Amino acid sequence: MSKDHQVKAKKHLGQHFLIDESIAEKIANTLSFKGYKHVLEIGPGTGVLTKYLLKKETTTHVIEIDPESVEYLKNNYLNLADRVIEQDFLKYNLNEVFENESFAIIGNFPYNISTQIVFKTLEMREQIPEFAGMFQKEVAQRICSKEGNKVYGILSVLTQAFYDAEYLFTVPPTVFNPPPKVESGVLLLKRKEHYTLPCSEDLLFKVVKTAFQQRRKTLRNSLKTLNLSDNLREDSIFGMRPEQLSVSEFIKLTSLIENDINS
């Protein structure tokens with residue numbers, strides 16, 4: 001493959017290649033590059049963001065599932081060639097590369113797997129102090145949303161239980177090839193200083209997901225399946241709907257439920 005060979009975007013991989021250099025540089029600069037030695041870019045495509053990451057003092061690794069993109073990257077970024085991981089991010093054990101070291105995640109994420117990327121990040125949060133990336137705008141807004149907002153939901157609560165989430169800027173479809181049908185949004189996640197929970201993590205996930213599955217109902221009704229004691233269900237918090245609870249209130253609710261279950 002020649003160096004000037006153009007990689008074709010593949011619809012089944014959700015590829016939309018960023019072609020605006022100024023936006024690529026702006027995304028690269030969203031990370032602090034402090035507190036870790038490695039950065040992992042997910043889905044680098046033709047490397048428009050990669051080239052700016054390679055200028056940083058951290059060591060850049062990329063993970064890419066598309067063989068055509070992998071070959072292009074190895075031919076065009078020779079100093080990166082041995083750090084191109086040809087794998088599916090969602091299925092790959094990243095400790096084969098990073099062992100137990102910390103690393104940041106960045107990327108122009110395929111829309112069709114973007115929420116799964118966030119959930120895998122949450123699973124590995126002990127190693128991931130920072131996360132920056134481009135999502136479909138409404139997904140980025142949902143991740144960063146606060147209680148009382150109609151887009152506030154499962155993704156908002158579970159992400160913000162461990163990370164401070166900030167919506168940074170909106171990106172128009174015109175800066176991609178091919179252009180997507182919707183706007184994109186760039187966000188930054190910074191892991192909270194105290195990100196270990198005072199309650200069961202598994203139970204928090206269960207409570208949040210169960211509550212938002214019937215988001216219009218009060219918690220007294222939506223959490224019926226948890227078989228809580230009548231005494232606990234009289235607590236005023238159960239008269240609220242899930243979208244009214246802040247992240248800290250969901251954690252408090254989970255602690256109450258955990259104590260009730262164990263009593």
Side-chain angles (χ1 to χ4, degrees), residues 26-42 53 56-61 63 89 93-95 97-107 109 114-135 139-149 151-169 185-209 211-212 237 240 242-259:
K26 193 175 178 182
I27 294 171
N29 290 335
T30 56
L31 294 173
S32 72
F33 300 96
K34 294 176 183 176
Y36 48 86
K37 296 177 182 177
H38 303 278
V39 173
L40 176 67
E41 182 188 357
I42 299 172
L53 296 174
K56 308 296 182 181
E57 291 185 6
T58 46
T59 303
T60 298
H61 306 252
I63 186 163
F89 170 78
N93 179 6
L94 292 166
N95 284 326
V97 175
F98 300 110
E99 296 181 344
N100 293 315
E101 287 193 73
S102 293
F103 61 96
I105 283 179
I106 195 167
F109 305 127
S114 61
T115 56
Q116 293 165 274
I117 289 172
V118 174
F119 281 120
K120 181 163 181 178
T121 297
L122 297 183
E123 289 174 10
M124 299 191 68
R125 64 186 177 277
E126 290 186 10
Q127 287 177 258
I128 305 173
E130 279 192 317
F131 174 107
M134 183 147 51
F135 292 77
V139 176
Q141 288 176 324
R142 190 182 311 145
I143 292 169
C144 300
S145 177
K146 298 299 181 186
E147 70 275 11
N149 192 308
V151 299
Y152 179 72
I154 295 170
L155 201 54
S156 324
V157 176
L158 298 182
T159 302
Q160 293 175 46
F162 307 106
Y163 288 86
D164 291 318
E166 182 184 2
Y167 185 94
L168 299 177
F169 56 92
V186 176
L187 61 73
L188 175 65
L189 304 181
K190 282 184 172 286
R191 191 178 60 201
K192 292 183 174 181
E193 190 175 341
H194 304 291
Y195 62 91
T196 51
L197 299 178
C199 63
S200 160
E201 177 189 324
D202 289 342
L203 186 58
L204 175 69
F205 277 58
K206 183 176 182 180
V207 167
V208 172
K209 289 178 179 179
F212 277 105
I237 199 169
M240 300 172 73
E243 66 191 44
Q244 295 176 291
L245 268 66
S246 67
V247 174
S248 60
E249 285 172 324
F250 262 111
I251 293 170
K252 175 190 168 187
L253 172 65
T254 304
S255 294
L256 290 172
I257 291 172
E258 189 170 20
N259 290 335

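Start at 1 with the first residue, then count along the sequence. Please read all numbers here as calculations on a predicted model, not as lab measurements.
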Give the C-alpha distance, both sets of side-chain angles, the deciding distance and a yes or no for side-chain contact (heavy atoms from CB on, under 4.5 Å) between T59 and K37.
CA-CA 6 Å; T59 303; K37 296 177 182 177; 5.6 Å; no

Can you measure from OG1 (T30) to CG (L189) and round to the nearest 0.5 angstrom?
10.0 Å

Reported CG-to-OG distance for the pair L155 and S145, which is rounded to 0.5 angstrom:
10.5 Å

For F131, which residues count as a ring-ring contact (aromatic ring centres under 6.0 Å, His included) partner, sequence neighbours excluded?
F109

Can you list the residues that meet the ring-ring contact (aromatic ring centres under 6.0 Å, His included) rule with Y36, with sequence neighbours excluded?
none

Output for pair (L31 CG, I106 CD1), nearest 0.5 Å, gives 4.0 Å

Using a 3.5 Å cut-off and no angle test, enumerate the donor-acceptor pairs between side-chain atoms of residues 191-198 and protein atoms at least two apart in sequence or in another chain.
from : atom 1 : to   : atom 2 : distance (Å)
R191 : NH1    : R125 : O      : 2.7
R191 : NH1    : E126 : O      : 3.0
K192 : NZ     : Q160 : O      : 2.6

Stepwise side-chain contact (heavy atoms from CB on, under 4.5 Å) test for L158 and K209:
CA-CA 9 Å; L158 298 182; K209 289 178 179 179; 4.3 Å; yes

Do the non-hydrogen side-chain atoms of L168 and I27 ever get within less than 4.5 Å of each other?
no

Would you say that I63 contacts L40 through its side chain, given a criterion of any heavy-atom pair below 4.5 Å between the two side chains?
yes

How far does CG of L245 sit from CG of L253, to the nearest 0.5 angstrom?
6.5 Å

Can a donor-acceptor pair be found between the side chains of Q127 and N95 at a distance below 3.5 Å?
yes

Less than 4.5 Å apart, side chain to side chain, heavy atoms only: is that true for E166 and C144?
no

Measuring only between side-chain heavy atoms, which start at C-beta, is L204 closer than 4.5 Å to E258?
no

Is the ring centre of F212 less than 6.0 Å from the ring centre of F250?
yes

Can you name the nearest heavy-atom pair linking R142 to V151, along with the distance?
CG-O, 2.9 Å

If you round to the nearest 0.5 Å, how far is NZ of K34 from OG1 of T58?
12.5 Å

Between E130 (side chain only) and S32 (backbone N and O only), is there a donor and an acceptor less than 3.5 Å apart?
yes

Of the non-hydrogen atoms in Y167 and G185, which two are nearest, and what is the gap between them?
OH-CA, 3.5 Å

Would you tell me whether T60 and E41 have side-chain atoms, one donor and one acceptor, within less than 3.5 Å of each other?
no

Counterpart residues, side chain to side chain contact (heavy atoms under 4.5 Å, CB included), relative to D202 (two or more places apart):
S200

Within residues 244-253 or reaching into it, pairs that qualify as side-chain hydrogen bond (donor to acceptor under 3.5 Å, both in side chains) - sequence neighbours excluded:
S246-S248, S246-E249

Would you say the side chain of T115 lies within less than 4.5 Å of the side chain of F135, judging by non-hydrogen atoms?
no

Check F89 against L94 and note the closest heavy-atom contact, atom names and distance.
CE1-CD1, 3.5 Å

For E201 and F162, the nearest pair of non-hydrogen atoms, with its separation, is CG-CZ, 4.2 Å

Are side-chain heavy atoms of F103 and I105 found at a separation under 4.5 Å?
yes

So, using side chain to side chain contact (heavy atoms under 4.5 Å, CB included) as the criterion, who are the partners of A28 when residues are at least two apart?
L49, Y52, L53

Could you go step by step and tell me if Y163 and T121 meet the side-chain contact (heavy atoms from CB on, under 4.5 Å) rule?
CA-CA 10 Å; Y163 288 86; T121 297; 3.8 Å; yes

Please find the pair of heavy atoms, one from G35 and one from S102, that lie closest to each other, and give the distance.
O-CB, 4.3 Å

Between S156 and G153 (side chain of the first, backbone of the second, donor and acceptor by atom type, cut-off under 3.5 Å), is there such a pair?
yes

Between F98 and H61 (judged by ring centroids, cut-off 6.0 Å), do the two rings come close enough to count as a pair?
yes

To the nearest 0.5 Å, tell me how far K120 NZ sits from I128 CD1.
9.0 Å

Cation-aromatic face contact K26/F169, 6.0 Å, 45 degrees:
yes

